Amino acid sequence: MKAIRGFKDILPAESALWRHIESEAFRVFSTYGFSEIRLPILEKTELFSRSIGEGTDIVEKEMYSFKDRRGDGLTLRPEGTAPAVRAYIENKLHVKPVTKLYYTGPMFRYERPQKGRYRQFYQIGAEVLGDADPKVDAETIEMLIKYFRIIGIKDAVLNINSLGCSGCRPGYKLELLRFLGARMDSLCENCQRRVEENPLRALDCKSQGCVEATEDAPSMVDQLCRPCFEHFEGVTGFLMQLDVNYVLNSRMVRGLDYYTRTTFEITGPNLGAQNTIAAGGRYDKLVSELGGPDTPCFGFAIGMERLSIVLSSTGGFGASLSSPIFFFVSMGKPTRKKAMALVAEMRDGGFRVETAYIEGSPKKAMKRADKLGAVYTIILGEDELSKGVVSVKEMATADQSFVPYGELILWLNATLTGMG
RNA sequence: GUGGGCGUGGCUCAACGGUUAGAGCACUGGACUGUGACUCCGGGGGUUGGGGGUUCGAAUCCCCUCGUCCACCCCA
């Protein structure tokens, strides 16, 4: 039996890093006023088709959708924003002026697996609901950058853009359409086909012909209406004030329909083609489109697998993330009772203790201690038992000393803090 | 969904179409009856991803399939 395609286990060797990634995110986000929300993994299909957009790749060909026993159309969530917004409306969280939420968990998309892209993947998301101020955009991005710095992401690059609003985007789209229409022959097949659907995509295309053909294409940022332009200027201005470096990328396009105004993407090193480690933006119309009150919002999602790839490729993690292991060896039947009592005492004291009970030579136990990566091995044999002590051996130096039962915890604490 | 690379013990990899598919690491036993790492000696572990075909003979060549990686696409 094997896990199904695009699904994988996260084994202990990796999970310590995952927990670290999550807990640091929650710690940092909470200092910005975010609180956790736990969302269902399954939602009505309609929630996603309406929010993400009928014509998008996600909705069109990547969702795990099925009918339940009653015949209701359900979908394994492909992203977190729509469920968060649904919960926000349903639970009337809008009675508060601003709501800041974060969440984590698995998302599902039926895509071809490759490095940094899986069918079940994990995101950490955050949403600010109820504030249109450009300061929110800048501050939330700054929070994300700070978080990346804290967990040790280097060489992250922030790209930002503005997609305008329902007022100015259609006009831009028309103009772009005219521009592309005059150059249809130089566009790749793919882009010729999608010009009608989503002309913005052509700006993002990597094929030689499209890159050249769209070199002088009109840029959205130049076509923003006054309010959108001022908003965008506000965002970039605040980013500068917050010392956040960014690249203005007027070609950056989003694959979800709900985005308005600010959008951004952060890329990381050592990831190949799937190099976006976090992305997001503003979605000012989504809440009202889903039946809630007019509520401007901003949010982002982080790809956990990609983060963990970047972090493990740049090194430094592993042993340091888990606490030192103590290995307690009890030798000979008479020692057993005392050993169990001492182990219990150590665990109550917060130590991480593995145990082995052996007859005869401690050789095997020592070997096992070594394999486990024990920092200290504590031996209680019949000699020690008769003296009321244990032998404590520091594995790295092979130093060994007798410690009376009653002083064991104190001794360990003193030694550990001494180590620094 | 499209194109390409790669699948050999737990891991990293060898093996011109030709003996019983090897090595290092890992695992395990001993040298070493109260002490791990280092050293030495021994041991177990493979239907060469799976299925079919070509051939006297296939890990090796061909086809199908599954998986993985890369690019496209898409996105976190």
Side-chain angles (χ1 to χ4, degrees), chain A residues 2-8 13 21 52 56-62 77-81 104-126 144 188-191 193-194 198 201 204-208 210 252-256 259 263-268 271-281 299-310 327 329-332 335 356 358-385 391-400:
Chain A
K2 285 160 107 177
I4 56 184
R5 189 168 201 208
F7 290 63
K8 62 165 195 166
I21 288 171
I52 297 169
T56 60
D57 279 15
I58 294 176
V59 171
E60 222 165 59
K61 46 193 190 200
E62 295 175 1
R77 63 183 184 194
E79 60 111 35
T81 299
T104 184
M107 309 293 165
F108 303 84
R109 290 182 202 172
Y110 191 92
E111 294 185 272
R112 185 117 172 207
Q114 73 186 65
K115 186 177 187 176
R117 186 167 81 181
Y118 307 96
R119 291 182 174 180
Q120 174 176 334
F121 60 101
Y122 290 76
Q123 289 190 336
I124 300 172
L144 190 50
C188 71
E189 253 176 65
N190 236 323
C191 288
R193 180 174 48 74
R194 65 191 174 193
N198 190 352
R201 277 255 102 87
D204 207 29
C205 186
K206 279 149 203 140
S207 95
Q208 181 79 21
C210 297
M252 193 176 64
V253 176
R254 303 278 64 212
L256 293 81
Y259 285 111
T263 57
F264 74 97
E265 220 173 84
I266 298 175
T267 55
L271 280 164
Q274 312 301 324
N275 65 348
T276 302
I277 51 179
F300 65 79
I302 301 167
M304 296 251 286
E305 289 77 2
R306 294 180 191 178
L307 254 200
S308 103
I309 289 168
V310 173
F327 193 62
V329 183
S330 152
M331 286 170 42
T335 66
I358 59 157
E359 296 283 359
S361 162
K363 187 181 174 64
K364 223 176 205 167
M366 293 307 294
K367 200 161 192 163
R368 184 125 152 242
D370 193 47
K371 291 277 148 58
L372 278 169
V375 178
Y376 285 92
T377 299
I378 298 161
I379 303 162
L380 180 64
E382 294 184 34
D383 291 354
E384 284 89 352
L385 189 69
S391 294
V392 181
K393 178 170 186 173
E394 185 181 354
M395 298 302 278
T397 60
D399 289 345
Q400 190 165 328

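Computed from a predicted structure; not experimentally measured.
Among the nucleotides B:G34, B:A71, B:A37, the one closest to any side-chain atom of A:Ile379 is B:G34.
Within the 4.0 Å cut-off from OP1 or OP2 of B:G36, at least one side-chain nitrogen or oxygen of A:Lys363 is found. The phosphate of B:C75 has neither OP1 nor OP2 within less than 4.0 Å of any side-chain N or O from A:Arg306. An OP1 or OP2 oxygen of B:G29 is reached within less than 4.0 angstrom by a side-chain nitrogen or oxygen of A:Lys364. The phosphate of B:U68 has neither OP1 nor OP2 within less than 4.0 Å of any side-chain N or O from A:Gln114. In this structure, A:Lys371 reaches the B:C27 phosphate: one of its side-chain N or O atoms is under 4.0 Å from OP1 or OP2. At the phosphate of B:G67, OP1 or OP2 sits under 4.0 Å from a side-chain N or O atom of A:Arg5.
Applying the Watson-Crick and G-U wobble criteria (two distances, each under 3.5 Å), B:C75 pairs with nothing in any strand.
Between A:Arg109 and A:Glu79 there is no salt bridge, since no side-chain N of the basic residue sits under 4.0 Å from a carboxylate O of the acidic one.
Distance noted for atom P between B:U19 and B:G5: 28 Å (whole Å). Spacing between B:G10 and B:G46 at atom C1', rounded to whole Å, works out to 12 Å. Here the separation of B:C25 from B:C32, taken at their C1' atoms, is 24 Å to the nearest Å.
Between the side chain of A:Glu384 and the base of B:G34, at least one donor-acceptor pair of N or O atoms lies under 3.5 Å. Counting distance only, with no hydrogens placed and no angle test, the side-chain atoms of A:Arg117 and the base atoms of B:C74 include a donor-acceptor pair under 3.5 Å.
With contacts defined as side-chain heavy-atom distances shorter than 4.5 Å, the pair A:Met395/A:Val375 does not qualify.
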